[in-house]
There are 2 protein chains.
Amino acid sequence: MRRPLIRKLEKFTRLSQADKNMLAKIGGQRVRRFSAREDIIHEGEKPEYINLINEGWACRYKTLEDGRRQIIAFFLPGDLCDLNVFILKEMDHSIGAVTPVVISEISRTAFDEMMMGHPRITQALWWESLVAAAIQREWTVNLGQRDALERMAHLLCELFIRLEAAGCTSDSSCEFPLTQTELGDTLGMSTVHVNRTLQELRASNLIVLKDRTLTIPNLKALQSVALFNANYLHLDHEGTHLDANEE
Amino acid sequence: MRRPLIRKLEKFTRLSQADKNMLAKIGGQRVRRFSAREDIIHEGEKPEYINLINEGWACRYKTLEDGRRQIIAFFLPGDLCDLNVFILKEMDHSIGAVTPVVISEISRTAFDEMMMGHPRITQALWWESLVAAAIQREWTVNLGQRDALERMAHLLCELFIRLEAAGCTSDSSCEFPLTQTELGDTLGMSTVHVNRTLQELRASNLIVLKDRTLTIPNLKALQSVALFNANYLHLDHEGTHLDANEE
DNA sequence: GGGCGACATTAACATAGGTAAGGTTGCGGC
DNA sequence: GCCGCAACCTTACCTATGTTAATGTCGCCC
């Protein structure tokens with residue numbers, strides 16, 4: 001639970017002690033806290049820092065002129081919001097806290113310093129950003145091709161597996177702070193239909209969702225109704241095993 | 001039309017002659033041609049090169065087990081497919097030619113060399129990849145929140161503006177090679193509904209689409225039915241104007 | 001010049017999912 | 001102990017979009 005970024009990056013590669021120290025230092029600097037539903041950065045602002053989520057859930061979202069809102073991504077502990085964002089003149093979307101959140105701001109100079117001195121970390125961050133892009137693509141597939149039940153199941157599988165990689169699950173359960181409205185804004189469906197869909201998943205014993213806790217008794221089964229294939233998360237890397245001779 | 005990548009990157013920053021030479025060299029190496037509908041790389045393969053589209057249209061797509069297909073992105077002249085892909089063990093999706101296509105393969109070493117020696121290019125490529133990510137996010141919004149008419153209009157606006165930035169439009173027209181089936185696979189709708197939607201846009205004089213040529217007589221009007229806001233393309237950069245003292 | 005395949009079009013019907021409205025529960029504040 | 005509010009749940013009804021299938025059009029090959 002501590003240092004979720006280090007834990008996550010080690011899914012990809014073995015890090016030296018110096019690398020870990022660097023990451024720990026970065027994660028301990030410029031710490032900020034936000035309460036649930038507060039905006040971390042808003043569309044139109046100039047991005048000055050890369051945000052690293054240390055604790056809690058955040059989300060990217062975008063609002064259309066007429067008020068419709070789409071949640072575009074979730075940030076879980078250990079996730080980074082856009083390497084190098086500061087290149088852009090202004091944010092084209094907002095980032096908001098879903099739960100109370102603790103983040104570290106990474107400045108341009110700190111980022112450059114890290115990229116220069118730590119090739120292992122550089123590689124690992126590239127990997128993390130390629131995975132983030134892959135997740136975004138999978139959301140496109142999800143919204144374009146899957147029906148409501150598959151879509152919901154797919155989201156739950158993805159979040160659960162990502163939380164697992166960040167060390168935020170215990171057994172087959174995890175905290176699950178999203179309201180049905182937020183699920184609707186994520187999956188492009190009405191709250192009524194979110195509710196119907198959750199009921200259906202519950203009735204099939206595919207999920208238990210109560211008191212902000214999600215339990216997935218049979219992940220394989222849920223994956224199968226979701227047509228979920230974890231390849232896009234690129235977690236199956238041999239890194240941890242093959243490079244075990246190092247350190 | 002020649003060197004669409006250079007043309008595109010100059011929307012972001014001014015490049016030195018050395019930078020341009022470098023980009024021209026990269027674009028002239030390892031050139032490959034594909035015919036329409038041929039796969040450039042397939043899901044499951046190991047990515048070895050960054051593909052740069054020199055001519056023609058390509059697309060990313062993903063197929064579900066049961067055959068449903070989602071087009072995830074279009075690559076137009078000047079577009080790069082995933083900086084640093086070679087970090088990943090295998091492709092989680094396929095890239096296919098839409099029209100006959102000419103690409104350049106950029107090897108890991110050529111890429112690293114370019115990143116080391118040309119900070120201007122490095123910056124510009126970061127910008128290009130941040131924009132690609134922003135486009136992917138906008139597609140999420142599109143599929144999640146907009147209805148069929150808005151969705152179609154939005155896609156047409158985006159493609160037109162991107163083609164313009166690549167120098168592939170003339171006046172208010174451009175080549176438009178997509179079939180209605182491909183539009184359907186992109187927008188998550190049936191071909192029948194694609195057809196209805198196009199008819200509706202034609203009836204409102206928002207588009208003329210015939211013989212693989214698209215004309216948008218009034219882009220503002222089309223943008224307005226699409227709730228299209230071009231911010232996410234980050235083209236409004238001052239680069240070209242303010243840095244005009246250089247070279 | 002006839003036939004075939006890819007694409008576009010149209011119509012008739014079916015359904016997943018949206019909308020509107022209202023009810024229940026639980027909780028923090030006073 | 002009750003008010004107010006947010007989340008959740010439910011029902012009834014409606015509509016955007018999917019499905020199926022028939023038909024049209026065009027270019028291309030033998």
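First the proteins, then the strands, lettered A, B, ... as listed; each starts at 1. Note that these values count all heavy atoms, side chains included, but never hydrogens, waters or copies made by symmetry.
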> Taking five pairs at each end of the helix from C:dG1-D:dC30 to C:dC30-D:dG1, what angle separates the two helix axes (nearest 10°)?
Replying inline: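 The angle separating the two end axes equals 30°.
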Could you check how far [atom1] of [X] sits from [atom2] of [N], rounded to whole Å?
| X | N | atom1 | atom2 | answer |
| --- | --- | --- | --- | --- |
| A:Arg68 | C:dT19 | CZ | C1' | 15 Å |
| A:Leu187 | C:dA16 | CG | C1' | 15 Å |
| B:Asn195 | C:dA11 | CG | C1' | 12 Å |
| A:Met152 | C:dA16 | CE | C1' | 15 Å |
| A:Phe176 | D:dC8 | CZ | P | 10 Å |

>> Within the structure provided, determine whether A:Gln223 and A:Ile161 are in side-chain contact (heavy-atom separation under 4.5 Å).
In response: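 Counting from C-beta outward, A:Gln223 and A:Ile161 do come under 4.5 Å.
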Which residues pass the side chain to side chain donor-acceptor pair (under 3.5 Å) test with [X], not counting sequence neighbours?
| X | value |
| --- | --- |
| A:Trp139 | A:Glu158 |
| A:Thr215 | A:Ser173 |
| B:Thr179 | B:Glu182 |
| B:Arg30 | B:Tyr49, B:Glu105 |

Short heteroatom pairs, N/O only, protein and nucleotides 22-24 of chain D, under 3.5 Å:
none

> Between A:Arg212 and A:Phe176, is NZ or CZ placed under 6.0 angstrom from the six-membered ring centre and within 45° of the ring axis?
Replying inline: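 The answer is no, since A:Arg212 fails at least one limit relative to A:Phe176.
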Donor-acceptor contacts, no H, no angles, side chain residues 71-80 of chain B, under 3.5 Å, sequence neighbours left out:
unit_1, atom_1, unit_2, atom_2, d
B:Asp79, OD1, B:Lys8, NZ, 2.7
B:Asp79, OD2, B:Leu76, N, 2.7
B:Asp79, OD2, B:Arg162, NH2, 2.8

>> Strictly below 4.0 Å: does B:Gln199 bring a side-chain N or O up to OP1 or OP2 of C:dT10?
In response: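 Looking at the OP1 and OP2 atoms of C:dT10, one of them is under 4.0 Å from a side-chain N or O of B:Gln199.
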> What are the two closest heavy atoms between B:Ile53 and B:Ile103, and how far apart are they?
Replying inline: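 Nearest pair, atom of B:Ile53 first, then B:Ile103: CD1-CG2, 3.8 Å.
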>> Please check: side-chain N/O of A:Ser104 versus main-chain N/O of A:Gly27, any donor-acceptor pairing under 3.5 Å?
In response: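 Confirmed, A:Ser104 side chain pairs with A:Gly27 backbone.
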> For the side chain of A:Gln70 and the backbone of A:Asp185, is there at least one donor-acceptor N/O pair under 3.5 Å apart?
Replying inline: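 Flag set: sc A:Gln70 to bb A:Asp185 pair under 3.5 Å.
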> Does a side chain donor of either A:Thr140 or B:Gln136 reach within less than 3.5 Å of an acceptor in the other side chain?
Replying inline: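 Their side chains do contain a donor-acceptor pair, which is all the 3.5 Å distance test asks for.
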> Sequence neighbours excluded, which residues qualify as ring-ring contact (aromatic ring centres under 6.0 Å, His included) partners of A:Phe86?
Replying inline: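 A:Phe86 satisfies ring-ring contact (aromatic ring centres under 6.0 Å, His included) with no residue once adjacent residues are dropped.
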>> Nearest heavy atom decides the nucleotide; on that basis, is B:Arg37 or A:Thr191 closer to the 5' end of DNA chain C?
In response: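 Checking each residue's closest nucleotide, the 5'-ward one belongs to B:Arg37.
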> Passes salt bridge (Lys or Arg N to Asp or Glu O under 4.0 Å), B:Arg60 versus B:Asp92? Steps please.
Replying inline: CA-CA 10 Å; B:Arg60 255 194 239 280; B:Asp92 56 49; over 6 Å; no
> Does a salt bridge link B:Glu150 with A:Arg68, judged by any charged N lying under 4.0 Å from a carboxylate O?
Replying inline: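 Yes, charged N to carboxylate O under 4.0 Å.
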> Should B:Lys62 and A:Glu138 count as an ion pair when the cut-off is N to O under 4.0 Å?
Replying inline: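 Salt bridge between B:Lys62 and A:Glu138, a charged N being under 4.0 Å from a carboxylate O: yes.
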> How would you list all residue pairs meeting salt bridge (Lys or Arg N to Asp or Glu O under 4.0 Å) that involve residues 192-207 of chain B, not counting sequence neighbours?
Replying inline: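 Sorted result for residues 192-207 of chain B: empty, none.
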> How would nucleotides 12-17 of chain D be written as a contact map, 5' to 3', with B for base contact, S for sugar-phosphate-only contact and - for no contact, using protein heavy atoms under 4.0 Å?
Replying inline: B----S
> Contacts to DNA chain C from residues 202-214 of chain A, heavy-atom cutoff under 4.0 Å, which residues?
Replying inline: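 By residue number: none to list.
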> Which residues, if any, of residues 178-186 of chain B bring a heavy atom under 4.0 Å of DNA chain C?
Replying inline: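 By residue number: B:Thr179, B:Gln180.
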